[in-house]
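Please read the structure below before turning to the comments.
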Amino acid sequence: MTKAASAAAKDLALAGVRGVHLAWADNNGIPRSRIVPIGGLADAAARGVGATTLFAVFDTHDRITYAHSGLATPSGDIRLFPVLGRLRRLAGQPALAWVPARQVLADGAPSPYCQRTALQRQVEAAAQQGFELRAGFEMEFAVAPAGSVDIASAPGHAGPAYSPHALVPLDGFIAALLRDFDGNGLRIGQLHAEYGLAQLELSLAATDPVSAADDQLLARQTIHAAAHAHGLRVSFAPLVSPEAAGNGWHVHTSIRRHGRNLLAGSAAPEREGAGYLAGLLRDLPALTAVTAPSVPSLTRLRPGYFASAYTFWGVENREAPLRYVPGSELLGADHANLELKPCDAAANPYLALAVLLAAGVAGLTERLTPPAPIEADPGTWAETEREARGVHRLPVTPDEQAAALAGSPRIADALGPELFGAFQAVRRSDAEWARDKPLEEIVRAHLWRY
Ligand code: GLU
Ligand code: MG
């Protein structure tokens, strides 16, 4: 390990790299990092780099909450270990490299607060039952000139949505994105001007869950650097203004056994794969408390925005939180996947995939059956009609969200008691910060955090 690190460090140093970001994401989905000089990488790989355990209880506003009993004092340390297999020189910041970090205790065991380890655990538990998840994130974000305090006063493009012309003023930035994603080893499926205010979207290729979460973090670093180099600033926040369409980070997943995609099907996943869908639907409110956890996330999830607001699934239904994308003659059965829409940048990507996997695999092993798909938008129905179809509003307030989260033993188990406790404490801290503040102010405080 140390030998490999020494060799990698030597190569990077010769290429002009001075330091390496050891990066992870906290319970608010905010990336954090420590830079080690390139000469210190081998030592970091052998002994880790010290950091406070309290990162697990930082809230979105960099306040530390001591409300979780496991982390109730300022004492405690973890070690950050670089995952060398994912070490990359940053194409857009050539003096720096980037590597995801694992959080480890003094005795070398994984920290119970390590989100990456929590996901790894779910991946291994699924593998033991023969299941393998593949996942890829779509990332929506808004662009503004560097130095902007918000998006609305100087939108970085003026539309029209999906128009090539919208992207002309952003030409240098777009070219840098394509070049730097490639340089950083990230595959983009597609990129376009989205319909939100000054919004762009790109989708990352599907891969194994831990790599998908690593990729999503590296993609953010790549986008921020390319924006900065072109006099721009990007916001990944779930909402960039109270009215405009939000930034969704939809996650597409498929679940496999022995290489076979269990979601294959045309109008619905085949019998077994349907259990995965039903499992996600059963835990959707609790799941969403992890995948779209911030206070603005709650407002993003409203009817009529293709962001999802009610608990149901549909075939290619853009309003559905669970949009089934069937295989087709053109693309083959293997193309089938399920899109989870209530997910955004405020989600820790490792935790988002950990809870998704836990809920989905539980549905598979319990052989749950989903209700019939819905083709319409239940947001346009009367409440009685929704009731009759078992369609419910996703949580709207932090209190509803907290109750949903507390209500699913599967989601709690996926995080483990320590991480679950810290995560809940952080949500309470965020909710308390936002209490009685106007939405405008809440949105502004989240704009540049991710
Ligand atoms: N912006 C929407 C959201 O907040 C998604 C729009 C779309 O991609 O269809 O999730
Ligand atoms: Mg989109």
Side-chain angles (χ1 to χ4, degrees), residues 29 135-143 151-152 155-157 159-164 166-167 170 174 177 188-206 216 219-220 223 234-253 280 284 287-325 337-347 349 352 356 374-379 393-396 439 442-443 446-447 450:
F137 285 93
E138 292 177 5
M139 304 168 76
E140 292 180 337
F141 52 96
V143 192
I151 304 292
H157 77 70
Y162 312 108
S163 165
L167 300 180
L170 300 173
I174 301 293
L177 284 182
I188 296 180
Q190 51 154 327
L191 191 161
H192 64 270
E194 252 292 353
Y195 72 55
L197 181 67
Q199 200 175 37
L200 301 183
E201 173 178 327
L202 58 82
S203 55
L204 294 172
Q216 195 241 51
R220 302 193 206 196
I223 297 168
V234 296
S235 175
F236 294 135
L239 277 187
V240 299
S241 88
E243 308 79 27
N247 290 321
W249 285 15
H250 307 166
V251 45
H252 289 259
T253 60
L280 295 189
L284 197 61
L287 197 65
T288 301
V290 178
T291 57
S294 72
V295 177
S297 304
L298 293 163
T299 304
R300 180 191 143 236
L301 302 179
R302 52 197 160 178
Y305 283 78
F306 287 6
S308 77
Y310 293 96
T311 57
F312 70 101
W313 75 282
V315 182
E316 296 285 18
N317 185 334
R318 295 295 199 281
E319 270 294 312
L322 294 167
R323 168 187 163 219
Y324 176 59
V325 182
N337 67 83
L338 192 61
E339 177 185 42
L340 176 82
K341 278 181 173 264
C343 184
D344 60 41
L356 212 144
I374 291 176
E375 213 178 315
D377 171 9
R393 185 72 173 93
L394 282 167
V396 173
L439 181 59
I442 297 171
V443 167
H446 288 74
L447 261 186
Y450 306 101

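Every value quoted in this text rests on a predicted model; they were computed, and no experiment measured them. Because only heavy atoms are used, hydrogens play no part in the values below, and waters and symmetry mates are left out as well, while side chains stay in. Whatever order the structure lists ligands and atoms in, that order sets their numbers, starting from 1.
Rounded to 10°, the angle formed at the Mg ion (ligand 2) by OE1 of Glu201 and OE2 of Glu194 is 80°.
None of the N, O or S atoms belonging to Glu138 lies under 2.8 Å away from the Mg ion (ligand 2).
Here is the list of ligand 1 atoms found below 4.0 Å of a heavy atom in Tyr305: 2 (C). Within ligand 1, the atoms closer than 4.0 Å to a non-hydrogen atom of Lys341 are 9 (O), numbered from 1 in the order shown. Atoms of ligand 1 lying under 4.0 Å from at least one heavy atom of Gly248, given by number and element, are 3 (C), 4 (O), 10 (O).
Evaluated by nearest non-hydrogen atom to atom 10 (O) of ligand 1, the leading choice among Glu319, Arg318, Glu194, Arg300 is Arg300.
Within Glu140, the N/O/S atom positioned nearest the Mg ion (ligand 2) carries the name OE2.
Between the OG1 atom in Thr253 and the CZ atom in Phe137 there is a gap of 10.0 Å [rounded to 0.5 Å]. Of the inter-residue distances, the one linking Glu319 atom CD with Phe312 atom CZ reads 6.5 Å to the nearest 0.5 angstrom. Rounding to the nearest 0.5 angstrom, the gap separating the CH2 atom in Trp249 from the CD atom in Glu138 is 12.0 Å.
Counting only N and O atoms by type, the side chains of Tyr324 and Glu339 include no donor and acceptor under 3.5 Å apart.
Contact of the Leu284 side chain with the Leu340 side chain is registered, since non-hydrogen atoms from C-beta on lie closer than 4.5 Å. Contact annotation: the side chain of Ile442 approaches that of Pro296 to within less than 4.5 Å [non-hydrogen atoms, C-beta and beyond]. Looking at Ser203 and His250, their side chains never come closer than 4.5 Å, going by heavy atoms from C-beta outward.
Of the polar atoms of Ala307, none of the N or O atoms is found under 3.5 Å from an N or O of ligand 1, judged by distance alone. In terms of polar-atom proximity, defined here as any N/O pair under 3.5 Å, His250 does make such a contact with ligand 1.
Of the protein's non-hydrogen atoms, the one nearest atom 1 (N) of ligand 1 is Glu140 OE1, 2.8 Å.
Under the side chain to side chain donor-acceptor pair (under 3.5 Å) rule, Asn247 has a single partner from Glu140, Glu201, Gln199, which is Gln199.
Using 4.0 Å as the threshold, Glu138 has no heavy atom nearer than that to any atom of ligand 1.
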